[in-house]
Amino acid sequence: MQNTILVTGGAGFIGSNFILQRMEKDTAPIVNLDKLTYAGNLRNLESIALDQRYQFIHGDIGDRLLVRRLLDQQEPCAIVHFAAESHVDRSIRGPDDFIRTNVDGTFALLEETRAYWADLNDEGQKHFRFLHVSTDEVYGSLGPNDPPFCETTPYAPNSPYSASKAASDHLVRAYHQTYGLPTLTTNCSNNYGRFQFPEKLIPLMILNARSGQPLPVYGDGQNVRDWLYVEDHCEAIATVSSKGTARGNLLHRRLERKTEHGNHRDDL
């Protein structure tokens, strides 16, 4: 296993900022797997396109043969999983892509990662990390007097987008609990910064204001959003990836004990 980091969805808004930041601050090689849908833009990464530490692969996380070949060839020590459909209004108009990418795609990626991780030696398994980048929208909405979301807030997704991300969060957690795969999940609030796709609120408002177009307001205009600068978010992701601890693989240990004692009952 090398010190390579595999980033999925690295041509998107947050992913491209993460890659540029890591290329500037770290020495680890980065492989960027991106399908290049409407929100992916390789121009975000033009400044490092010729850097020998960086490699772009055009492909889908749902393509298991491609992912398998990529893991075998690159031997990453970490996967940072950004790849996702991520716009509420688009998910309402057409939820199919959100289920396909966020749920089915994450499942396919987890399956190939699990097989890859299982073949690593003890030291490689110990240091490997699968970091899943999620959203606070899986927790639903807050009232004006509600406490902030935290890790123990019950999931209550309100859109096909947030429901698909909640499903992917649960899959990631289950792969840790069941198989012992060292996974980490982050749930961030709304990001803003360079390279953000113009359908998002802040760039949309700026562009409409500059061109004299109406400023669309969601609902009755009373909603309050929490904003996180994208580069601060990327720093946090790097910190979680390097210092975070995966915990609680109880089912995995129970399965091992049952196997050791010849007990193969399914009623766990």
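Atom CG of Asp146 sits in a crowded spot, with more than 12 heavy atoms from other residues, nucleotides or ligands closer than 6.0 Å. Summarising the local packing, CZ of Arg173 is surrounded by 12 or fewer heavy atoms from other residues, nucleotides or ligands at distances under 6.0 Å. Within 6.0 Å of CG in Leu215 there are more than 12 heavy atoms belonging to other residues, nucleotides or ligands.
In this structure the side chain of Arg90 never reaches within 4.5 angstrom of the side chain of Tyr161, judged on heavy atoms. Between Thr135 and Ser86, the closest side-chain pair of non-hydrogen atoms is not below 4.5 Å. At least one side-chain heavy atom of Val67 sits under 4.5 Å from a side-chain heavy atom of Leu33. Asp60 is not listed as a side-chain neighbour of Leu66, based on a closest heavy-atom distance of 4.5 Å or more.
For the side-chain hydrogen bond (donor to acceptor under 3.5 Å, both in side chains) test, no residue two or more places apart in sequence or in another chain qualifies with Asp63.
Checking side-chain atoms of Gln125 against main-chain N and O of Trp117 turns up a donor-acceptor pair under 3.5 Å. Judged by distance alone, the side chain of Asn191 and the main-chain N or O of Ser189 form a donor-acceptor pair under 3.5 Å. A donor-acceptor pair under 3.5 Å is absent between the side-chain atoms of Arg22 and the main chain of Ala238, judged by distance alone. Formation of a donor-acceptor pair under 3.5 Å by the Thr185 side chain with backbone atoms of Asp169 is not found in this model. Put simply, the side chain of Ser16 gets close to the backbone of Phe13: a donor and an acceptor are under 3.5 Å apart. Judged purely by atom type and a 3.5 angstrom limit, Asp34 uses its side chain to pair as donor or acceptor with the backbone of Ala11. In this structure a side-chain-to-backbone donor-acceptor pair under 3.5 Å is present from Asn102 to Glu85. Remark: the backbone N or O of Pro76 is paired with a side-chain donor or acceptor of Tyr116 at under 3.5 angstrom.
Distance CG/Leu181 to OH/Tyr175: 9.0 Å, rounded to 0.5 Å. Taking CG from Leu109 and OG1 from Thr101, the interatomic distance works out to 12.0 Å, rounded to the nearest 0.5 Å. From Ser91, atom OG reaches atom NZ of Lys165 across 12.5 Å, with rounding to the nearest 0.5 Å. Atom CD1 of Ile237 is separated from atom CG of Asp232 by 11.0 Å, given to the nearest 0.5 angstrom. To the nearest 0.5 Å, atom CD of residue Gln21 and atom CG of residue Asp26 are 8.5 Å apart. Residue Asn17 holds its CG atom at 5.5 Å from CD of Glu231, rounded to the nearest 0.5 Å.
No single ILVMFWY cluster, assembled from side-chain heavy atoms under 4.5 Å apart, contains both Ile61 and Phe98. Hydrophobic clustering, with ILVMFWY side chains joined whenever heavy atoms are under 4.5 angstrom apart, keeps Val88 apart from Tyr155. Hydrophobic clustering of Ile, Leu, Val, Met, Phe, Trp and Tyr side chains at less than 4.5 Å, counting indirect connections, unites Leu42 with Val230. Both Val240 and Val7 belong to a common hydrophobic cluster when Ile, Leu, Val, Met, Phe, Trp and Tyr are linked at side-chain heavy-atom distances under 4.5 angstrom. Hydrophobic clustering (side-chain heavy atoms under 4.5 Å, transitive across Ile, Leu, Val, Met, Phe, Trp, Tyr) groups Leu20 together with Leu36.
Tyr229 and Gly193 get closest at one heavy-atom pair: CE1-CA, 4.1 Å. Across all non-hydrogen atoms, the minimal contact from His233 to Cys188 is CE1-SG, 3.3 Å. Heavy-atom minimum distance, Pro216 versus Leu204: CG-CD2, 3.7 Å. Scanning all heavy atoms of the two residues, the minimum distance from Ile79 to Thr8 falls at CG2-CG2, 4.4 Å. In terms of heavy-atom proximity, Pro95 sits nearest to Pro160 at CB-CB, 3.8 Å. Shortest non-hydrogen contact noted between Ile5 and Ala28 is CD1-CB, 4.3 Å.
A donor atom on one side chain and an acceptor atom on the other are found under 3.5 Å apart for His132 and Ser168.
The aromatic rings of Phe18 and Phe82 are tilted relative to each other, their planes meeting at an angle between 30° and 60°. Using bins of under 30°, 30° to 60° and over 60° for the plane-to-plane angle, the ring pair Trp227/Tyr192 lands in the perpendicular bin. Ring planes of Phe149 and Tyr139: tilted class, angle from 30 to 60°.
A salt bridge is absent between Glu123 and Lys126; no separation between the charged side-chain nitrogens and carboxylate oxygens falls under 4.0 Å. Asp72 has no carboxylate O lying under 4.0 Å from a charged side-chain N of Arg69, or vice versa, which leaves the two without a salt bridge.
Here ring-ring contact (aromatic ring centres under 6.0 Å, His included) pairs that include residues 47-70, with residues two or more places apart or in two chains, number zero.
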Go through the steps for Met23 and Leu45 under the test side-chain contact (heavy atoms from CB on, under 4.5 Å), then give the verdict.
CA-CA 11 Å; Met23 291 291 290; Leu45 299 161; over 6 Å; no

